[in-house]
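The structure under discussion appears below in the form of structure tokens.
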Amino acid sequence: MNILIKSATIVDPSSEFNGKTADVLIENGKITKIGSSIKADAEKIDGSGKFLAPGFFDLHANLGEIGVETKEDFITGSAAAAAGGFTGVGMMPNTIPAVDSKSQVEYLKNRAKGLLVDIYPYGTISQKREGKDLAELFDMTNSGAVAFSDGNEPVQDAGLMERAMLYAKGFNALVISYPEDRTIAGKAKMNEGAMSTYLGMKGIPNIAEELMIVRDLYLAEYTDARLHFTTVSTAHAVELIKQAKKKGLNVTCDVAAHHLVLTEDALIDFDSNYKVKPPLRTKADVKALLKGLQEGVIDTVVSQHTPQEIEFKAVEFEIASYGIVALQTVLPLLIQAGLKPEQIVDKLSVKSREILGLEVPAIAIGNNANLVLFDESVWLYTKENNYSKSGNSPFIGKELKGKVWATINNGQIYSGV
């Protein structure tokens, strides 16, 4: 595979070509030349007015394998990720069975071989994600698990979470917390506020998230362990994490892209495609999340890609499942939120990998080509160009600003031309 990307603006803080417009020649999966007016016998891609950056990495995606392949499998999930500019994905263990053993981690790693997108499985914190007994974290680490989380099952037992952090600290593993106190959240389906009152629905108060963040911050301070909060969604949550970082705690966090642009007002028509968890919050929360992202309190942005079959979404709002198909819409949402190309690359290409301790790909001669070419072009998101196996996105049928023109990794290319 020989590819020549012509006249692209390179956005890579680690590259000597950062901010420069150049041609990039890729031969047999490696970057062999970077310069001006390169001539070569290769497939040419016009990079004029476009940005070339290290491939994006998503810390939070649900891919269906193993056990729920009817929602998504590695083939369709990888295709959707590539179309969104992602060359790497951290896979949540929200599967049946849960990924709680070394054999399951090894199975997933073998299944993911040969794809354009690198898939990194997370192991569970507790056996079967039941929140009772600790899973064998060390064995799973040796088999290739890069972090540990119970996915969308928040760990309610403080003692179990403490033991998980202490155990993980012994081999510098990352524990990922989805912060929700189930005793407070209960069976509510949306944010508690003016909109839930107007719609006559029970709401999830912000404190359900914030109490769990406070608890896990205390545990992280006590154990001196690495802790990452996924999909924070409230203004006070950002402030709590900001103060923890000032104290020197080894804590990071992410926000889902849809929480940066959507509010609870989107639920006015009971469209279940807007039903997510944590729920869409208020305009004040969105403002605080954007500020936290700009200030570096929030380290990275995730898709929280959660595919659902139609029978789980085309039902009454109360009983519909949570989640949005999101890998292809992260870039447009970040542009809508006002992020510049340099900020997008920092959050999606650099910080996400640094949190997991992965090597950040650099645009340099001799390196493997791990790249995304994108710009702010407008495109129509349709059922036909939705590569996921599922279609539960509120953005299908809408024009979006922010297009991926090419994604290159592992000697393969996705072309959005």
Side-chain angles (χ1 to χ4, degrees), residues 58-60 152 154 176-181 184-185 188-198 203-218 220-221 227-268 274-304 322 324 326 329-340 342-344 346-348 351-352 355 394:
D58 185 13
L59 275 177
H60 185 144
N152 58 9
I176 299 177
S177 169
Y178 166 56
E180 181 190 76
D181 188 316
I184 292 177
K189 306 299 180 181
M190 64 176 294
N191 181 57
E192 181 182 85
M195 185 56 65
S196 65
T197 302
Y198 176 75
I204 302 174
N206 290 10
I207 198 172
E209 178 173 312
E210 295 153 6
L211 270 180
M212 192 64 83
I213 287 176
V214 170
R215 185 202 76 175
D216 286 351
L217 285 175
Y218 272 118
E221 184 174 20
L227 176 66
H228 179 82
F229 291 106
T230 191
T231 62
V232 297
S233 67
T234 76
H236 191 50
V238 176
E239 184 59 31
L240 289 168
I241 294 168
K242 181 178 182 179
Q243 295 305 318
K245 287 189 170 187
K246 283 184 177 180
K247 289 176 65 176
L249 271 64
N250 197 354
V251 59
T252 53
C253 68
D254 66 56
V255 62
H258 47 264
H259 279 119
L260 295 173
V261 297
L262 299 174
T263 69
E264 60 183 2
D265 295 342
L267 301 178
I268 188 70
Y274 289 104
K275 184 178 180 181
V276 293
K277 207 172 190 186
L280 299 178
R281 303 288 189 181
T282 67
K283 292 178 181 178
D285 290 311
V286 170
K287 184 178 179 180
L289 291 170
L290 286 169
K291 183 180 179 183
L293 196 64
Q294 296 284 356
E295 293 179 346
V297 177
I298 298 176
D299 299 272
T300 186
V301 180
V302 298
S303 72
Q304 201 187 15
Y322 297 101
I324 288 176
T329 55
V330 173
L331 174 64
L333 292 183
L334 291 188
I335 290 173
Q336 183 179 340
L339 272 69
K340 303 300 182 186
E342 295 77 12
Q343 294 171 307
I344 292 170
D346 178 60
K347 299 301 180 184
L348 291 186
K351 291 295 196 304
S352 50
I355 288 168

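Owing to the predicted nature of the structure, the values given are computational and were not obtained by experimental measurement.
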Using the rule given for side-chain contact (heavy atoms from CB on, under 4.5 Å), can you reason through Asn206 versus Asn191, listing the C-alpha separation, both sets of side-chain angles and the distance that settles it, and then say yes or no? CA-CA 8 Å; Asn206 290 10; Asn191 181 57; 3.3 Å; yes

What do the steps show when you test Val251 against Leu217 for side-chain contact (heavy atoms from CB on, under 4.5 Å), and what is the final call? CA-CA 8 Å; Val251 59; Leu217 285 175; 4.0 Å; yes

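For Glu264, there are no salt bridge (charged side-chain N to carboxylate O under 4.0 Å, His left out) partners, not counting sequence neighbours. Listed by chain and number, the residues in a side-chain contact (heavy atoms from CB on, under 4.5 Å) with Val276 are His258, His259, Leu280, Ile324 (sequence neighbours excluded). Scored by the salt bridge (charged side-chain N to carboxylate O under 4.0 Å, His left out) test, Lys277 finds Glu180 as partners (sequence neighbours excluded). Among residues two or more places apart in sequence or in another chain, the side-chain hydrogen bond (donor to acceptor under 3.5 Å, both in side chains) test is passed with Lys351 by Asp346. Listed by chain and residue number, Lys247 satisfy the side-chain hydrogen bond (donor to acceptor under 3.5 Å, both in side chains) test with Glu221 (two or more places apart in sequence, or in another chain). For Thr231, the side-chain hydrogen bond (donor to acceptor under 3.5 Å, both in side chains) test picks out no residue, with sequence neighbours left out. Evaluation of the side-chain hydrogen bond (donor to acceptor under 3.5 Å, both in side chains) rule for His228 yields Thr252, Asp254 as partners, not counting sequence neighbours. For Ala284, the side-chain contact (heavy atoms from CB on, under 4.5 Å) criterion is met by Thr282, not counting sequence neighbours.
Remark: Ile207 CD1 is loosely packed, at most 12 non-hydrogen atoms of other residues, nucleotides or ligands lying under 6.0 Å away.
Summarising the geometry of Pro205 relative to Glu192, their closest heavy-atom pair is CB-OE1, 3.5 Å, with the distance given to 0.1 Å. Across all their heavy atoms, Ala235 and Ala288 have their closest contact at CB-CB, 3.4 Å. Residues Asn152 and Pro154 come closest through the heavy atom pair O-CD, 3.3 Å.
Counting heavy atoms from C-beta on, the side chains of Pro278 and Tyr178 come closer than 4.5 Å.
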Tabulate below the donor-acceptor pairs under 3.5 Å that side-chain atoms of residues 292-301 make, not counting sequence neighbours, or state none.
residue	atom	partner	partner atom	Å
Gln294	OE1	Gln343	NE2	2.6
Asp299	OD1	Lys245	NZ	3.0
Asp299	OD2	Lys245	NZ	2.8
Asp299	OD2	Cys253	N	2.9
Thr300	OG1	Lys347	O	2.5

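Leu348 pairs in a side-chain contact (heavy atoms from CB on, under 4.5 Å) with only one of the listed residues (Val302, Val330, Asp58), which is Val330.
For the atom pair CG of Leu227 and CD1 of Ile241, the computed distance is 8.5 Å after rounding to the nearest 0.5 Å. Atom CG of residue Leu260 and atom CG of residue Asp285 lie 11.5 Å apart, to the nearest 0.5 angstrom. Summarising the geometry, atom CG belonging to Asp216 is positioned 5.0 Å from atom CZ belonging to Phe229; distances are rounded to the nearest 0.5 Å. Separation of atoms OG (Ser177) and CZ (Arg215) is listed at 6.5 Å; rounding is to 0.5 Å. Taken from CG in Leu339 to CG in Leu331, the straight-line distance is 10.0 Å, to the nearest 0.5 Å.
Within the structure, the salt bridge (Lys or Arg N to Asp or Glu O under 4.0 Å) test picks out the following pairs touching residues 204-214 (sequence neighbours left out): Glu209-Arg281.
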